[in-house]
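All figures in this text were calculated on a predicted structure; none of them were measured in a lab. Excluded from the calculations below are hydrogen atoms, water molecules and symmetry mates; all remaining heavy atoms, backbone and side chain alike, are included.
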Amino acid sequence: MTTKSKIVFEQIVNLLGPNSWTYRPVLEAWVDFAAIENHPPTHKTAALARLLAWVPELAQSHLNPEASPSTQGTLAAGLWSPQILEHLTLTLQSLANMPGGFGDTHQTSEPTLYKVVVRAWHPSVTTYALHAARDLLEAAFNDAQANVDATIARLQDLRHKHCLGPSTACIVDAADDRDIPAIRLNTGNLLQLGYGINQRRIWTAETDRTGAIAETISRDKDLTKSLLQACGVPVPTGQAVDSAAEAWEAAQDLGVPVVVKPSDGNHGRGVFTNLSTQQEIEQAYNVAVQEGSGVLVERFILGQEHRLLVVGGKLIAAAKGEYAQVTGDGVSSIETLIDTQLNADPRRGHEEDQPLNYVRLDSAAQLEIARQGHTPQTILSLGQQAVIQRNGNVAVDCTELVHPDVAALACTAARIVGLDIAGIDLVALDISKPLQQQGGAIVEVNAGPGLLMHLKPATGTPRQVGRDIVAHSFALGDMARVPVIGITGSQGKTMTGKLLFRLLTLHGWRCGLASSAGLFVDKRLLHSGDCANFENARRVLMNREVQTAIIENGAHQLLSEGLAYERCEVGIITQIDWAEDLDAYKIHSHTERVKVYRTQMDVILPKGMAVLNADDPHIVELARHCDGQITWLCLAGNAPLIQAHLAQGQRVVSLIDGKLALLEGTRQYVLCSIEAIGITKLGTDMTQTYNALAAAAAAWALGLTPDLIHAGLLSFDPNTAVPQ
């Protein structure tokens with residue numbers, strides 16, 4: 001597209017974790033609007049009118065409740081504002097079925113240069129949305145053509161390709177509700193919940209407790225059935241067959257009607273029910289054998305298909321199936337009716353966030369139609385019905401109807417196979433009655449069951465099954481995270497990290513440390529050089545050996561990547577050079593600098609501890625942003641702030657007669673002379689003195705005894721504190 005006015009992206013910063021804008025990942029685009037700002041007011045009004053005609057949802061404030069306010073009023077008045085790019089980006093994401101999320105727009109010291117910040121559900125997806133919004137704005141201002149539908153379609157494609165699927169996303173949301181962090185371990189749906197030694201791994205509806213043997217058993221339908229039968233669970237009788245002729249022989253032995261299905265298929269593909277004639281059974285075999293490695297012939301169970309979800313030995317959701325059928329109008333063929341009646345249903349689609357799949361006129365469907373004496377070209381009379389699919393349409397919630405005996409039987413079946421999370425397929429006339437009373441049976445036990453039918457049923461109440469899966473992985477009270485200590489500031493971060501690493505190692509913990517001195521886990525140096533960055537911090541948090549993590553975060557890392565952790569137990573702000581050169585990030589004012597360092601305060605857990613330098617009044621201002629408690633550091637404990645803090649029973653780490661002291665209310669633990677701590681150069685190096693105070697305060701907050709802290713400080717050697 002050739003344009004007269006160009007909106008220029010100077011750079012786009014991908015902030016991967018909590019940052020100075022918000023707790024969530026965002027893209028921060030540096031956008032020059034000079035070409036737009038120069039247009040006369042009438043031109044701007046006309047351009048915005050065109051934009052609203054293309055994207056009327058832009059004026060709907062409920063789509064972007066976390067975005068910059070007042071934009072709707074600006075649009076209604078026909079006024080231009082750089083915030084419109086922010087809102088348009090978020091609106092495009094909403095139209096592509098992503099939550100709009102956080103947004104902000106901030107003018108820099110350059111008059112036409114703004115930082116436009118938008119929630120990034122995935123960097124690739126949001127980058128496209130940002131560029132697409134820019135292109136739409138340019139088209140509106142240049143009176144050019146725009147194809148919003150194509151833009152939304154492309155965004156949806158990118159969302160399906162890059163973002164978590166709805167089943168996995170519901171687990172992440174449930175974990176987030178409990179302050180359990182989630183790390184995506186691959187481009188698919190493999191997740192780590194929690195940190196370090198306390199983490200669990202989940203792959204949609206499979207966990208690291210899902211045994212390989214149990215999963216293998218579940219894939220072998222004949223073996224599963226024999227194990228269930230041996231334990232008294234009602235299953236349909238049947239046998240494996242190797243040819244169409246054997247299938248007919250087996251049907252005669254079992255007694256028609258029968259079911260023919262793949263021995264290890266899934267999603268209902270190649271499953272045929274209620275077959276009675278030799279021709280039907282042999283045709284069904286020829287289709288079923290293409291969907292699996294073998295074929296089963298089973299006695300037909302009268303009733304409807306049901307799927308019961310069992311998590312941790314409990315039934316948490318149930319859904320039942322319905323036939324996919326068409327109704328004749330006397331004019332259209334069955335093939336046409338499939339498209340106009342079944343596939344036109346908005347609940348159907350190829351994507352995983354739609355509860356029903358499109359109905360394909362495949363060999364299985366053609367066989368089903370033929371059994372009723374029709375072909376795809378048959379024109380049904382008005383009101384005449386034809387079944388296209390008898391299974392694979394399980395999407396009607398029936399959780400409240402399940403009889404307790406049926407629920408108990410489903411849980412038993414999951415235990416027999418050995419699955420912690422299982423999808424139990426059963427056939428019953430009435431799920432509200434015991435199976436034995438109606439001749440019902442369990443027909444399959446599935447590992448890694450789909451969750452969408454319960455999260456988003458075609459009919460009935462949605463079930464928040466993600467909560468149950470998280471509760472199964474982490475019982476209430478279980479630690480999902482390991483203690484995380486975040487250290488930020490301008491000076492002293494690295495030495496404070498080394499000191500703390502030494503103290504926690506003496507305590508017997510396997511520590512991980514990501515700092516500018518390297519990446520360390522326990523007694524090993526994993527990477528040398530500057531490792532105070534997002535990637536190496538995540539390596540610490542992902543390491544299953546780590547019992548506590550120490551993460552160094554400088555202003556440059558906060559501004560270019562964000563924090564690697566969502567919350568922390570201890571947040572330390574050492575000493576800050578408030579004149580530090582941050583021009584490269586367009587940070588100039590004191591208020592902007594405070595926002596950068598506030599990031600560390602914002603993520604401290606309510607039961608956590610901030611360790612702050614009370615001798616810096618600007619750092620004192622940051623304390624109000626902490627959800628947890630405060631330990632003040634100071635060289636002298638007679639300031640009114642310190643005395644008031646102690647009067648409230650709170651903690652202070654200070655010097656008393658030249659000795660490092662831990663103070664809490666009226667209690668005092670006087671440790672070693674500050675001169676005896678080698679790095680302080682006989683107490684003359686104030687920076688190192690503050691580092692010693694900070695490390696002692698953090699160790700104390702984590703439960704280390706004063707005696708251990710005393711011994712650790714005295715024996716600390718910066719050259720041997722971490723592995724070389």
Side-chain angles (χ1 to χ4, degrees), residues 483-487 489 492 496 499-500 502-504 506-509 548 550 568-576 600-601 604-677 679-680 682-683 685-716:
V484 174
I485 303 94
I487 308 174
T496 301
L499 264 167
L500 192 54
R502 166 66 174 164
L503 294 174
L504 298 182
L506 280 178
H507 186 59
W509 282 345
T548 185
I550 305 168
C568 66
E569 276 66 25
V570 179
I572 303 172
I573 298 183
T574 58
Q575 298 174 83
I576 296 176
Q600 180 63 76
M601 288 296 94
I604 296 173
L605 286 161
K607 294 183 179 180
M609 182 72 74
V611 175
L612 302 176
N613 184 352
D615 295 332
D616 184 335
H618 297 309
I619 292 180
V620 172
E621 293 175 10
L622 291 170
R624 61 191 176 91
H625 300 294
C626 176
D627 291 336
Q629 294 183 311
I630 307 291
T631 296
W632 290 115
L633 311 177
C634 58
L635 298 184
N638 54 2
L641 170 69
I642 300 303
Q643 293 303 312
H645 197 62
L646 289 172
Q648 295 172 359
Q650 302 301 310
R651 291 184 172 188
V652 171
V653 177
S654 183
L655 298 182
I656 296 179
D657 297 329
K659 294 183 178 181
L660 190 150
L662 311 179
L663 312 175
E664 184 174 25
T666 59
R667 291 188 295 171
Q668 294 185 1
Y669 304 96
V670 179
L671 307 185
C672 57
S673 166
I674 199 68
E675 296 179 2
I677 302 173
I679 60 171
T680 68
L682 299 177
D685 190 327
M686 289 299 100
T687 294
Q688 299 293 16
T689 297
Y690 278 117
N691 294 341
L693 295 177
W700 192 23
L702 293 169
L704 275 66
T705 65
D707 287 343
L708 190 148
I709 296 170
H710 175 94
L713 292 174
L714 285 177
S715 62
F716 177 72

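- Across all their heavy atoms, Thr548 and Trp509 have their closest contact at CG2-CE3, 3.8 Å.
- Scanning all heavy atoms of the two residues, the minimum distance from Ile576 to Gly489 falls at CG1-CA, 4.1 Å.
- Side-chain contact check for Gln629 versus Arg651: every heavy-atom pair is 4.5 Å or farther apart.
- A distance of 9.0 Å separates OG in Ser673 from CG in Leu655, rounded to the nearest 0.5 Å.
- A side-chain donor-acceptor contact under 3.5 Å links Thr680 to the backbone of Ile674.
- For the residue pair Phe716 and Ile679, the shortest heavy atom distance occurs at CE2-CG2, 3.7 Å.
- Proximity of a side-chain donor or acceptor of Glu569 to a complementary backbone N or O of Leu605 within less than 3.5 Å is not detected.
- In this structure, the side-chain contact (heavy atoms from CB on, under 4.5 Å) partners of Ala698, at least two apart in sequence or on a different chain, are Leu500, Val570, Ile572.
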Using the side chain to side chain contact (heavy atoms under 4.5 Å, CB included) rule, take Gln600 and Leu622 through it: C-alpha gap first, then chi angles, then the decisive distance, then the call. CA-CA 10 Å; Gln600 180 63 76; Leu622 291 170; over 6 Å; no
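- His710 is linked by a side-chain contact (heavy atoms from CB on, under 4.5 Å) to Leu671, Cys672, Leu714, counting only residues two or more places apart in sequence or in another chain.
- Of all non-hydrogen atoms in Leu682 and Glu675, the two that sit nearest each other are O-CG, 3.2 Å.
- Between Leu660 and Ala696, the closest heavy-atom pair is CD2-CB, 4.1 Å.
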Solution key, residues 607-619 side-chain donor-acceptor pairs under 3.5 Å, sequence neighbours excluded:
| residue | atom | partner | partner atom | Å |
| --- | --- | --- | --- | --- |
| Asn613 | OD1 | Asp615 | N | 2.9 |
| Asp615 | OD2 | Leu635 | N | 3.1 |
| Asp615 | OD2 | Tyr690 | OH | 2.4 |
| Asp616 | OD1 | His618 | N | 2.9 |
| Asp616 | OD2 | Trp578 | NE1 | 2.9 |
| His618 | ND1 | His590 | NE2 | 3.3 |

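- At a threshold of 4.5 Å between non-hydrogen side-chain atoms, the residues Leu663 and Ile642 do not count as touching.
- For the pair Ile485/Leu504, a side-chain contact is recorded, criterion being any heavy-atom separation below 4.5 Å from C-beta on.
- Minimum interatomic distance between Ser715 and Ala711 (heavy atoms only, all atoms of both residues): OG-O, 2.9 Å.
- Taken to the nearest 0.5 Å, the NE2 atom of His507 stands 4.5 Å off from the CG atom of Leu704.
- Rounded to the nearest 0.5 Å, atoms CG (Leu662) and OG (Ser654) are 10.5 Å apart.
- His625 meets the ring pair (Phe, Tyr, Trp, His ring centres under 6.0 Å) test with no other residue; sequence neighbours excluded.
- A 4.5 Å side-chain heavy-atom check between Gln688 and Ile677 finds every atom pair outside the cut-off.
- With sequence neighbours left out, Thr687 forms a side-chain contact (heavy atoms from CB on, under 4.5 Å) with Gln491, Gln575, Asp685, Asn691.
- Listed by chain and residue number, Glu664, Tyr669 satisfy the side-chain contact (heavy atoms from CB on, under 4.5 Å) test with Arg667 (two or more places apart in sequence, or in another chain).
- In this structure, Val653 and Leu633 have side chains that are in contact, with non-hydrogen atoms separated by less than 4.5 Å.
- No side-chain heavy atom of Leu702 sits under 4.5 Å from any side-chain heavy atom of Leu503.
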